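The structure appears below as structure tokens.
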Amino acid sequence: MIEFEAGHYAEARAAFQQSLAIWTAVLGPDHIDVAATLINLGAVELELGIDREALTYFESALAIQIRVLGSEHS
């Protein structure tokens, strides 16, 4: 995402939120691409200093990954 790499975090957040809505609608909430987008949103929140929100995104992504890939996946 160019916005994120350029440090335009508000724009990146909006783009990732839109992506999350699309991926969730098209692929369902338990898809690995949804988890990847949640990780991206978490990274944006970390850059913005919103650690609690970042943690929420990361925990949601991890939960999806465990459901999809299993807890033993590395």
Side-chain angles (χ1 to χ4, degrees):
M1 176 74 42
I2 294 171
E3 289 89 356
F4 182 82
E5 293 170 0
H8 301 182
Y9 301 120
E11 294 90 345
R13 178 198 279 158
F16 287 135
Q17 287 172 334
Q18 183 178 19
S19 295
L20 180 62
I22 292 168
W23 283 130
T24 303
V26 172
L27 303 172
D30 281 340
H31 194 279
I32 203 69
D33 289 336
V34 171
T37 304
L38 288 166
I39 291 168
N40 290 334
L41 276 164
V44 168
E45 299 299 335
L46 276 180
E47 290 295 333
L48 292 171
I50 308 172
D51 297 346
R52 183 172 293 242
E53 191 68 24
L55 180 60
T56 299
Y57 284 126
F58 292 143
E59 288 174 337
S60 296
L62 178 60
I64 293 168
Q65 291 173 328
I66 289 171
R67 283 192 300 274
V68 172
L69 303 173
S71 61
E72 299 300 319
H73 184 77
S74 54

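Source: prediction; values computed, not measured. Excluded from the calculations below are hydrogen atoms, water molecules and symmetry mates; all remaining heavy atoms, backbone and side chain alike, are included. Along the sequence shown, the residues carry numbers beginning at 1.
- What you find for Gly42 and Ala54 is that their closest heavy atoms are O-CB, 3.3 Å.
- By the rule that hydrophobic residues join a cluster once side-chain heavy atoms approach within less than 4.5 Å of another member, Val68 and Tyr57 end up as members of one cluster.
- Annotation: the span from Trp23 atom CH2 to Phe16 atom CZ amounts to 12.5 Å, rounded to 0.5 Å.
- Nearest heavy atoms, Ala61 versus Ala35: CB-O, 3.4 Å.
- Hydrophobic cluster membership is shared by Ile50 and Val44, with clusters built from Ile, Leu, Val, Met, Phe, Trp and Tyr side chains linked at under 4.5 angstrom.
- Contact of the Glu53 side chain with the Leu48 side chain is not registered, since no non-hydrogen atoms from C-beta on lie closer than 4.5 Å.
- Partner of Val34 under the side-chain contact (heavy atoms from CB on, under 4.5 Å) criterion, out of Ile39, Ile64, Val26: Ile64 alone.
- By the 4.5 Å heavy-atom criterion applied to side chains, Gln65 and Ile32 are counted as neighbours.
- Atom CG in Asp51 sits 10.5 Å away from atom OG1 in Thr56 (nearest 0.5 Å).
- Atoms CG and CD, from Leu38 and Gln17 in turn, are 11.0 Å apart once rounded to the nearest 0.5 Å.
- A salt bridge is absent between Arg52 and Glu45: the closest approach of a Lys/Arg side-chain nitrogen to an acidic carboxylate oxygen does not fall below 4.0 angstrom.
- The other members of the hydrophobic cluster of Ile66, by chain and number, are Leu62 (side-chain heavy atoms under 4.5 Å, ILVMFWY only).
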